[in-house]
Protein chains: 2
Amino acid sequence: MRIGLAVIAVCCALAGVAPSEENKPLPLMPMPAHVAIGSPATRLVIDPSFSVAITGSTDPRIEHAAQRFLNNLRRRTGMLSLDMNIAKGEQASLIIHTDHASKEIPELGEDESYTLEVGAGGAKLNAPTTLGTLNGLQTFLQLVSNTPAGFAVPAISIQDAPRFPWRGLLIDSSRHFFPVEVIRRELDGMAAVKLNVFHWHLSDNQGFRVESRKLPKLQEMGSDGFYYTQEQLRELITYAADRGIRIVPEFDMPGHSTSWFVGYPDLASGPGPYEVERKWGVLDPAMDPTKDSTYKFLDTFIGEMAKLFPDHYFHIGGDEVNGKQWDSNPKIQEFKRAHNLQDNEELQAYFNQHVQKIVSKHGKIMLGWDEILRPELPKSIVIQSWRGQESLAQAAKQGYSGLLSAGYYLDLHWPAWRHYAVDPMSGVAATLSDEEKKRILGGEACMWAEYITPENIDSRIWPRAAVVAERLWSPSDVTDVSSMYERMAELSRQLDWLDLTHNSNYRPMLRRIAGTEHIAALRTIADVVEPVKDYQRGELPPGEATSLTPLNRLIDAVHPESEAARRFSALVDDFVGGKVKPGTEEEIRGILRSWRDQQLDIQQMASQSFLLPEVLPLSQDLSTLGAAGLQALDYLDHGQPAPEAWKAQQLEVLEQASKPRAQVTLMVVAPVQKLIEASANSAPR
Amino acid sequence: MRIGLAVIAVCCALAGVAPSEENKPLPLMPMPAHVAIGSPATRLVIDPSFSVAITGSTDPRIEHAAQRFLNNLRRRTGMLSLDMNIAKGEQASLIIHTDHASKEIPELGEDESYTLEVGAGGAKLNAPTTLGTLNGLQTFLQLVSNTPAGFAVPAISIQDAPRFPWRGLLIDSSRHFFPVEVIRRELDGMAAVKLNVFHWHLSDNQGFRVESRKLPKLQEMGSDGFYYTQEQLRELITYAADRGIRIVPEFDMPGHSTSWFVGYPDLASGPGPYEVERKWGVLDPAMDPTKDSTYKFLDTFIGEMAKLFPDHYFHIGGDEVNGKQWDSNPKIQEFKRAHNLQDNEELQAYFNQHVQKIVSKHGKIMLGWDEILRPELPKSIVIQSWRGQESLAQAAKQGYSGLLSAGYYLDLHWPAWRHYAVDPMSGVAATLSDEEKKRILGGEACMWAEYITPENIDSRIWPRAAVVAERLWSPSDVTDVSSMYERMAELSRQLDWLDLTHNSNYRPMLRRIAGTEHIAALRTIADVVEPVKDYQRGELPPGEATSLTPLNRLIDAVHPESEAARRFSALVDDFVGGKVKPGTEEEIRGILRSWRDQQLDIQQMASQSFLLPEVLPLSQDLSTLGAAGLQALDYLDHGQPAPEAWKAQQLEVLEQASKPRAQVTLMVVAPVQKLIEASANSAPR
């Protein structure tokens, strides 16, 4: 094989955008560290004769990865035939060379780099370790696109390595349970965007999700029957390791632990009996940090889990202890006085010190949320920052390693650009010394599970987690938001081929709400609303849900970020900014008409389904927005300024339409307002 | 629980349609034998407190079925919470009573009947056997719909039993291989529509798909590595039995058998070596019926398979032997003379007699295609008719049992109504005596696999197989086509919740063809075309494919039957027939405009993707059809007859547009022609 690479343009990550033939960014996410594009006309065509050769290390994970790579390539291209194989010799369309196998279970800080060279004659992927090869195969897959010559990868030269060694995704399997097949597909998605740590929140008030053989009442009484067996966990650990992903288990303590107490009430600081919690929030039950039996129990438990989970890190949670059970327990009060513990924070630090020794005894490094950061704890522990970015820098200054999760909470339904703007090294962190900076290991996107089920978890994680992955992998100057959105949209479609359901479940969920397959009108609304942000859902009518509440409403079906609203805003900005292309106004009018006209259908449908009435006010407002926008365009077209009275009336309507209803918000109020403002200021054209 | 059933309307299957509140047929397919609807306002609401109690037989399959039922109910309603359980006692929303367990492995002719009574207070499902209970649970699921009061089942009383005991689906896993997870979801689909026989075509020229431990070169050399292990098969047999489905294996012989000869060339009638076949069609290789070693081999093989597959029936294929290898083998010619065998049909009958003895020796009843019907064979064998319905009646007259598949070939891409119109008891069969009629056991829909992959197999089977299921289950007078289409559309959406991909893979496949996510224009075309029918695909450019040809073109993505075209035809029929509702003309105009306008987009996109150029002529023609239809409406609106010259010119255009291109056909030529004809005859309105 010859690599016929004629490099004509060098485009480093500096620009954040690697333009292809049509000036579109390369469909890569995360963007590699260094990319040089070859001649636009040169490409490696992927046809049924495509083959892969494996040279260098004989790590079996490389062959597994090559098989997965080919399967994915088959799905992406629809070439589901018997061809596209792993070649026996060293002649192949793609030659993989791996210097040596990485650790059997991936470890923090291993070399993950690779180089990829693609020319018309073939491609060469080189990596020092298995992990680099896994990453390079994902990059190759992302580059495959449909061209006039067939499916192909452009001529390209890539040298790539991650910015941070810890790039995680947390999934909370306690508040809602996610079967093994869901976890598997999330791991597939993680591998596609080079996330390398699956942080698994396995216990909380609402459920204890791991089989303990030594303390079986944990899952028998604390899980409602929904837990992972040790066999399943071992399979998933191998599944993840095969994809270069570490699994870090979290067992939250001493708070967030009601589910432990159902089977073992003596662990708690207040009297039992306990039941598996159905409500959300910060609750009172907490382990009793004053009893030896608590530490004996934890020694047994952590010992068992330390064997089950091979990763060097062990997460003890440690967040949100409200201290109420401690305050109302006289023995605990007495203990605090006797041990000169000033407040509950000192009591928790006392607990954490003991737990840290147990964790350490079983060969693991302890990890916990912000709250565990106390001078009493050794510098070996790792702090995960959820309350703010500053605490991460503080920890680094004090000598602690840390991870950033503040700003990466996917359950808050932030738009991708907002997560994208959060950099672990910005703010106070930018002022750290080089040595302190090294203590910032990376970060984790977090998927807390109050309002997700196996049906919509994917739409909450994907594609937004990919922009966190890019922030943690790519050079810090990869920050172009419009490139990010373009590449994220492309990635989102690519993830469909991994059977992630973030796109495919949208229509079925809308059909269920509508009670019919005729969902055009409902989709018109669903496309331009977003769930309320942050923690508003629990505060707005119909009020807080429990773990038993069905999650089958409009808010549960819609995407966290409205692509349609973002595109409409951009259209309007172009229009009022004078960057009008032929057809722009007609496109805007078409969209406004669809908003105006959906209302009739929704009203007719509303009596069919108990899930539709709450949509009616949104439908009404969207219709009004559509009509107002059309009227504004009419004024603009006639070159007459819109009357002030009309404008004032419309702005009142907008004020009304901008309020959340049914816990979702119409995201197109601002651009309609721009049209109205423009129409009021219009001069003859 | 009280069954508060106030029966106010008795609506037997006579009408074929059981109207609900809004005069829509009940969403049931197959339609039960007897349905009585209760008061429209009475319904059983399905909420998180819904529960199932199991009484009577303790067959574990009933509990499995109840768990699956609840899982499906959870998905259908989005109530994915911890509730909706199997009740401990006998108090529950749905009480299941099964008199006794059916056979561990389902058998032909077992009682499959059930009764289902639903009222506001609860539901009661009674069945003499496990099989009836399985069927009744499927009926209940189909009845769940979204109502103003929540998800609910209407008050109803059903007595149901099948018309035929053998209701099958054949899947050909040889020409293309389908992994276990595909087979599993097809079995789920079968259970949903009460099909009870999975006929598995496991060997053919293109691949031998079962692990034989006694003759391992069959799969080792004849499968390209794609076969089912015995462990997988045993699991699938249990999976099917759990759903009341028998698995009947087919090993085609003496023809359609090249894949056997790769490992065992001595079995063949011509000299080897052989390779796994890549081409389609009737090919020459055939087993040598003259050698004792052939029968010894088959004895070993059938003995092993008879143990592996528990069903009483064993299918030996027997179709399409062209005899060429026999004619060119002097020893075989000599053998025919010596045994006084007049022709190759007699030689094959000789072979079949021997095979029948082997099959019988191993405790099985032999089944084969039309061609095995010869007076030399005992009356115990079963004939499956693929060449025509008449042969089924002939077989019955001669004392043979039979199954109908002629008219049920899903790979021919017939519209549902055409399959629906085929009744095993019509034609010559109607003239049979009662005893002869009993020999017609039922039928099977057949999914041959030249042009299907795991990606589009579902869209070829579903939902059309459901109308064959209805033909074989429901009373013979359930024949209303418009009710069928309405219920089939509803069923199609219900099947989405079983993860069947007939709907969900449509857009991803179109996106792949387009090379972009902007597929509105391509979808406009894809929605109104159908693959060419019968065996035309191999005869039209770009010509016949092989088993290695990628199946990723427009023809592979589109549905076998265009719902959009059918609906447009109905709209036009209403319009020209004077049954015009407000908005009908505007709806027709909207559709015609979308056809007219897609062309610009398609032309702009065509240079991006190698899969689009073949779509251009279709795009052009559809655009012309749209423009012609709009012009016709203009003439009609102005009340002026369209000029003859214009009409003549348009009819030429239609003639052109009706021809298949890219192996698909535009299905909207006829309704546009109606508009043009109407416009030429129009008078002032």
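We name chains A, B, ... by the order of the sequence lines, and we start the count at 1 in each one. Everything numeric here is computed off the predicted structure, so don't read it as measured data. Just the heavy atoms: all of them, side chains too, but no hydrogens, waters or symmetry mates, feed the values below.
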Positions in residues 549-557 of chain A that reach chain B, provided some heavy atom is under 4.5 Å away: A/Pro550, A/Leu551, A/Asn552

Residue part contacting chain A, namely of B/Ala489, when any heavy atom lies under 4.5 Å: both

Part of B/Pro48 lying under 4.5 Å from any heavy atom of chain A: side chain

Closest approach of B/Ile457 to B/Pro454 (non-hydrogen atoms, all atoms of both residues): CG2-O, 3.9 Å

For B/Leu611 against B/Arg512, the heavy-atom pair lying closest together: CD1-O, 4.2 Å

With A/Phe178 via ring-ring contact (aromatic ring centres under 6.0 Å, His included) - residues at least two apart: none

Contacts of A/Tyr227 that satisfy ring-ring contact (aromatic ring centres under 6.0 Å, His included) - sequence neighbours left out: none

Test: [X] and [Y] ion pair at under 4.0 Å:
{"X": "A/Asp224", "Y": "A/Arg278", "result": "yes"}
{"X": "A/Arg593", "Y": "A/Glu586", "result": "yes"}
{"X": "B/Arg567", "Y": "B/Glu563", "result": "yes"}

Engaged part of [X] at the chain B interface, taking heavy atoms whose separation is under 4.5 Å:
{"X": "A/Thr77", "answer": "backbone"}
{"X": "A/Glu517", "answer": "side chain"}
{"X": "A/Leu612", "answer": "neither"}

B/Ile519, B/Thr516, B/Leu522 screened by side chain to side chain contact (heavy atoms under 4.5 Å, CB included) with B/Arg511, the one that passes: B/Ile519

Partner chain A: residue of B/Gly150, B/Gly515, B/Pro613 with the largest heavy-atom pair count (under 4.5 Å): B/Gly150

Winner by heavy-atom pair count (cut-off under 4.5 Å) against chain A, out of B/Ser145, B/Gly225, B/Ser607: B/Ser607

Partner chain B: residue of A/Ser492, A/Pro508, A/Ser504 with the largest heavy-atom pair count (under 4.5 Å): A/Pro508

Residue list, salt bridge (Lys or Arg N to Asp or Glu O under 4.0 Å) with A/Asp527, at least two apart or on another chain: A/Arg523

